[in-house]
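Single-structure report; data block below.
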Amino acid sequence: HEGYRVPPYYDSMIGKLIVSAEDRQQAIITLRRALSEFVVEGIKTTIPLLRKIIEHPTFVDGTGDTKFVERTW
């Protein structure tokens, strides 16, 4: 409802996006398209950050680790 604030321990449950493909490169292409079409209205999402992440060379080449996002952003 209007004015409702999603508590931080529920925000990851708003939606999930999962893609699959024959290989990593194709999966990234599919993910780019899916994120460009993904719409969530009424609240801020992490979609803009996810778009940056999947364009970053470290993500694209698969050399990232669990600290990649923390170090980069």
Side-chain angles (χ1 to χ4, degrees):
H1 61 79
E2 187 174 338
Y4 179 76
R5 294 185 61 102
V6 178
Y9 40 85
Y10 288 117
D11 65 350
S12 64
M13 299 172 127
I14 296 296
K16 298 285 184 185
L17 173 62
I18 300 170
V19 301
S20 63
E22 292 292 320
D23 57 33
R24 182 179 179 83
Q25 182 180 6
Q26 285 303 115
I28 290 171
I29 291 167
T30 302
L31 183 57
R32 284 178 182 146
R33 180 172 178 185
L35 283 173
S36 74
E37 296 175 0
F38 203 104
V39 177
V40 178
E41 294 181 345
I43 60 172
K44 291 182 181 179
T45 70
T46 58
I47 292 172
L49 174 60
L50 295 173
R51 287 181 180 154
K52 288 180 182 179
I53 290 169
I54 65 170
E55 295 299 328
H56 196 281
T58 299
F59 178 84
V60 173
D61 67 22
T63 59
D65 57 32
T66 57
K67 298 288 186 178
F68 164 65
V69 172
E70 184 178 334
R71 276 194 315 271
T72 308
W73 286 277

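All values reported here derive from a predicted model rather than from experimental measurement.
Residues Leu35 and Ile54 have side chains in contact (heavy-atom distance under 4.5 Å, counting atoms from C-beta outward). Counting heavy atoms from C-beta on, the side chains of Thr72 and Thr58 never come closer than 4.5 Å.
Between the CD1 atom of Ile18 and the NZ atom of Lys16 there is a distance of 8.0 Å, given to the nearest 0.5 Å.
Follow the hydrophobic side-chain contacts under 4.5 Å out from Val60 and you never reach Val69; the two are in separate clusters. One hydrophobic cluster holds both Val40 and Leu49 under the rule that ILVMFWY side chains link at heavy-atom gaps under 4.5 Å. In the hydrophobic clustering of ILVMFWY residues, with side-chain heavy atoms under 4.5 Å counting as a link, Leu31 and Ile47 come out together.
Under the salt bridge (charged side-chain N to carboxylate O under 4.0 Å, His left out) criterion, the residue pairs touching residues 63-73 are Asp65-Arg71, Lys67-Glu70, with sequence neighbours excluded. The ring pair (Phe, Tyr, Trp, His ring centres under 6.0 Å) analysis of residues 20-54, with sequence neighbours excluded, yields no pairs.
Remark: Lys44 engages no residue in a salt bridge (charged side-chain N to carboxylate O under 4.0 Å, His left out) (not counting sequence neighbours). Legend: residues meeting salt bridge (charged side-chain N to carboxylate O under 4.0 Å, His left out) with Asp23, ordered by chain and number and at least two apart, are absent. Applying the side chain to side chain donor-acceptor pair (under 3.5 Å) criterion to Thr63, with sequence neighbours excluded, gives Asp61. With sequence neighbours left out, the ring-ring contact (aromatic ring centres under 6.0 Å, His included) criterion links Phe68 to His56, Trp73. By the salt bridge (charged side-chain N to carboxylate O under 4.0 Å, His left out) test, Arg33 pairs with Glu37, sequence neighbours left out. In this view, Arg32 and Glu55 satisfy the salt bridge (charged side-chain N to carboxylate O under 4.0 Å, His left out) rule, not counting sequence neighbours.
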Q. Taking it one step at a time, do Phe59 and Ile28 satisfy side-chain contact (heavy atoms from CB on, under 4.5 Å)?
A. CA-CA 9 Å; Phe59 178 84; Ile28 290 171; 3.8 Å; yes
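Minimum heavy-atom separation, Ala34 to Val19: CB-CG1, 4.3 Å. Taking all atoms of both residues into account, the shortest heavy-atom contact from Ala21 to Ala27 is CB-N, 3.4 Å.
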